[in-house]
Amino acid sequence: MAIPGSDARTALGRQGDVETVVGRRGSVDSPHRSQVLTTNVGLQIPAGLSFENWENTGRRLSGIINSSSWWLGDWLVYGKDHYSDRYERGIRAAGLRYQTLRNYAWVSRCFAIDRRRASLSFQHHAEVASLPAPEQEHWLDQCEAHEWSTKQLRKAVRLAQESENGEDRDTEPTQRLAVPIGRMRRWHTAASHAGIDLEEWVLVTLDSAAEEILTG
C-alpha cells in the first residue's frame, strides 16, 4: 500500500504481511542500512541505522499516525453517505469498531479538507470541532501562530468560555501583585498577539509554566 505524501514503497512479506519501506529516496537498491520496514506486528530496524535516518523515520511515522485519523474519518463519512444500509457491515469486515472511530468521522465532517491545517494535528482540530466555524478558524490561527500544544489550546478555549459565561465566581481570592508599568505593557502586547485578553493570557501562561515545572 503506497503512503501518500512520503517516499514509502511497499513489498509483500514472506507471510503475506505488508511491509512499508521507510527510508531515503532511492534506497531500494542500496544496502538495508537506511531502510526501516513496518510490518503488521512492528518495525524492522536495521543495525547501524544512522541518527538522521532514525529521526526521519520518526517524523514519517508521526505523520502517518496523524494522517490516518483523517483517512479513517473520511472513509467512514463516505461509507455513511453512500452505503448507509451496508455501512456497519463494511466496518466490521474491515475489523474496525465504529465506537472507537466515531470521533474520527465527526471531526472529519466538521472540517472540509480545504479547512484542515497540515501544520496542526488531528487532535488540535478535534479540540475545537464543536465550535462555530469562525471560532474554529480563530483558535487554529492562534495554534499556528504560537505553536500551542493541544493542552494549551484546550486551556485557552476553556478560559475564554468561562470568561464569556461569567464562570469565575468560584475563583479563590488572591493577593494583589504590584507590576511595573513597563512589564504590564509588555504583557498586554503579548496577549494581543496571542489574540486573547490579558487575564486569559496570564492564566494560560502561568498554567503552562506550572505544568512544565511540575511534570519536568
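Everything numeric here is computed off the predicted structure, so don't read it as measured data.
A 6.0 Å sphere centred on CD of Glu144 holds more than 12 heavy atoms belonging to other residues, nucleotides or ligands. Taking a 6.0 Å sphere around CZ of Arg115, one finds it holds more than 12 heavy atoms contributed by other residues, nucleotides or ligands. The number of heavy-atom neighbours closer than 6.0 Å to CD of Glu55, taken from other residues, nucleotides and ligands shown, is above 12.
The shortest distance between side-chain heavy atoms of Phe111 and Trp70 falls below 4.5 Å. Counting heavy atoms from C-beta on, the side chains of Leu49 and Pro46 come closer than 4.5 Å.
Counting all heavy atoms, side chain and backbone alike, Gln136 lies closest to Ala129 at NE2-O, 3.0 Å. Contact detail for Leu76 and Tyr87: the closest heavy-atom pair is O-CE1, 3.1 Å. The two atoms that bring Trp106 and Ala126 nearest to each other are CZ3-O, 4.4 Å, heavy atoms only. Smallest separation of non-hydrogen atoms from Trp139 and Ala160: CZ2-CB, 3.7 Å. The minimum heavy-atom distance linking Ser108 with Gly73 is given by the pair OG-CA, 3.2 Å. Between His125 and Val107, the shortest heavy-atom contact is CB-CG1, 4.1 Å.
The aromatic rings of Trp54 and Phe51 lie tilted to each other, with the angle between the two planes from 30° to 60°.
The distance from atom NZ of Lys151 to atom NZ of Lys155, rounded to the nearest 0.5 Å, is 6.5 Å. Rounding to the nearest 0.5 angstrom, the gap separating the CG atom in Asn53 from the CZ atom in Arg60 is 9.0 Å.
The only option from Asn56, Asn66, Thr38 that meets the side-chain contact (heavy atoms from CB on, under 4.5 Å) definition with Leu61 turns out to be Thr38. Tested against Leu140, the residues Glu135, Arg116, Glu127, Arg117 include a single side-chain contact (heavy atoms from CB on, under 4.5 Å) partner, Arg117.
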*May I have the step-by-step check of side-chain contact (heavy atoms from CB on, under 4.5 Å) for Asp81 and Arg109, ending in yes or no?*
CA-CA 11 Å; Asp81 291 345; Arg109 205 178 279 279; 3.2 Å; yes
*Go through the steps for Tyr104 and Trp75 under the test side-chain contact (heavy atoms from CB on, under 4.5 Å), then give the verdict.*
CA-CA 10 Å; Tyr104 295 161; Trp75 177 75; over 6 Å; no
*For Val128 and Leu153, run side-chain contact (heavy atoms from CB on, under 4.5 Å): C-alpha distance rounded to whole Å, both residues' side-chain angles, the deciding distance at 0.1 Å, then the answer.*
CA-CA 9 Å; Val128 297; Leu153 170 60; 4.1 Å; yes
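Under a hydrophobic clustering in which Ile, Leu, Val, Met, Phe, Trp and Tyr are joined whenever their side-chain heavy atoms come within less than 4.5 Å, directly or via other members, Val77 and Ile91 fall into different clusters.
The closest donor-acceptor contact from the side chain of Ser68 to the backbone of Ile65 lies under 3.5 Å.
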